[in-house]
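Owing to the predicted nature of the structure, the values given are computational and were not obtained by experimental measurement. Below, read A as the first sequence line, B as the second, and so on, with proteins coming before strands; counting in each chain starts at 1. Keep in mind that the numbers below use all heavy atoms, side chains included, and drop hydrogens, waters and symmetry copies.
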Amino acid sequence: MSGQIDEGLRSELQRQGIWVTSMQDLYNWGRRSSIWPLQFGLACCAIEMIATAASRYDLARFGGEIFRPSPRQADLMIVAGTVTKKMAPQIVRLYNQMPDPKYVISMGACAISGGPFKQGYNVLKGIDRYIPVDVYIPGCPPRPEALLHAFMELQRKIDGQKLTGDNRAEHLNPAQPSEFPVPAFGAHDLEPPANPDVFEPPKIERT
Amino acid sequence: MDIMTPDPYFFIIIFVGVALVFPLLPLALAWLWRRFFQPPKPGAEKNAIYECGVESLGEAQVQFRSQYYLYCIIFLIFDVEAIFLVPFAVAFTGLPVGAFIAILVFLLLLIEGLVWAWSKGCLNWAK
């Protein structure tokens with residue numbers, strides 16, 4: 001849809017004061033300008049997330065200041081902190097309860113891989129084992145600037161999502177699931193330890 | 001009636017029309033959007049009523065005993081009594097006899113209430 005008008009022509013028209021847009025651009029512009037995160041924090045990264053939302057760093061400049069206390073109203077899940085195995089089912093359940101389109105930012109080393117607690121018996125080795133993650137932020141904890149950067153990256157991703165066609169956004173594709181299985185507490189670990197549909201263990205390449 | 005001045009109720013009709021279109025238009029647009037672009041993806045988790053991440057336990061229709069309510073009311077009475085008694089005690093030396101009698105009557109009323117509640121068995125925690 002956005003491919004119907006030449007980019008050069010569009011910028012030329014813009015210079016003359018004529019704005020041409022498509023439904024896809026309008027849709028993506030609206031979505032990326034009001035990403036409402038889910039209001040929850042897990043560990044020390046949450047403090048940085050709070051700082052990002054507060055006045056000094058001011059996430060409101062990017063349209064993401066409205067932290068929703070209910071998953072029904074949230075677009076974005078910021079997994080800010082260590083995900084313990086006790087907490088993982090709740091996070092997956094909250095993600096399942098968010099309406100589409102929904103995005104996940106995995107904030108900090110713990111949410112990515114377990115971080116400094118990776119060897120811990122009770123720590124999940126990355127939230128991407130159960131839910132699809134859109135943006136990863138390294139750091140322990142990442143500074144608010146890093147979260148803002150991740151937010152801008154997510155906005156860039158939303159901007160590039162297609163409305164129709166084979167490579168359209170996941171939430172527009174009926175074949176893509178919106179809910180993912182919630183892990184159960186097993187005897188020694190969560191069962192299953194990872195969702196094979198979303199998680200692929202990293203392959204070790206020996207040279 | 002003059003043709004140029006509309007009926008006074010005409011504005012009410014306009015108001016009702018706007019009040020109907022204002023919420024229905026976004027709903028209709030959302031419905032159209034769902035129809036053409038976004039496939040609905042309902043599910044058991046997504047449609048669950050409870051939304052804090054934890055599965056709900058038991059039923060919603062549980063009964064609470066009224067015992068605590070009585071206890072609470074009696075506590076409230078004596079809480080208010082303390083609010084009145086502290087300023088009275090602070091200003092005790094400078095008060096006339098009438099004030100002393102008034103506070104005694106106030107205390108008597110509360111004690112009477114306490115005796116009544118006691119005799120009713122409100123202070124016993126019924127098992």
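- Counting non-hydrogen atoms of other residues, nucleotides and ligands closer than 6.0 Å to CZ of Phe78(B) gives a total above 12.
- Leu172(A) contributes atom CG, which lies 14.5 Å from atom CZ of Phe36(B) (distance to the nearest 0.5 angstrom).
- Heavy-atom distances place the backbone of Pro42(B), and not its side chain, under 4.5 Å from chain A.
- When heavy atoms are compared at a cutoff of 4.5 Å, Pro69(A) does not approach chain B at all.
- Shown here is Arg61(A), whose CZ atom has more than 12 heavy atoms of other residues, nucleotides or ligands within 6.0 Å.
- When side chains are defined from C-beta on, Phe37(B) counts as touching Met23(A), because their heavy atoms get closer than 4.5 Å.
- For the set Gln90(A), Glu179(A), Met98(A), the entry with the most heavy-atom pairs within less than 4.5 Å of chain B is Glu179(A).
- The neighbour count for Trp29(A) CH2, taken as heavy atoms of other residues, nucleotides or ligands under 6.0 Å away, does not exceed 12.
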Would you give me the side-chain donor-acceptor pairs under 3.5 Å for residues 46-55 of chain B, sequence neighbours excluded?
unit_1	atom_1	unit_2	atom_2	d
Lys46(B)	NZ	Asp100(A)	OD2	3.4
Lys46(B)	NZ	Ser178(A)	OG	2.7
Lys46(B)	NZ	Lys41(B)	O	3.2
Asn47(B)	ND2	Gly43(B)	O	3.3
Glu51(B)	OE1	Arg72(A)	NE	2.8
Glu51(B)	OE2	Ser70(A)	OG	2.8
Glu55(B)	OE1	Arg93(A)	NH2	3.4

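- For Val182(A), the part lying under 4.5 angstrom from a heavy atom of chain B is the side chain only.
- Checked against ring pair (Phe, Tyr, Trp, His ring centres under 6.0 Å), Trp118(B) has no partners two or more places apart in sequence or in another chain.
- Neither the backbone nor the side chain of Phe40(A) has a heavy atom closer than 4.5 Å to any heavy atom of chain B.
- The environment of CZ in Phe84(B) is sparse: at most 12 heavy-atom neighbours from other residues, nucleotides or ligands sit within 6.0 Å.
- Interface remark: Met87(A) contributes no atoms to any contact with chain B (heavy atom separation under 4.5 Å).
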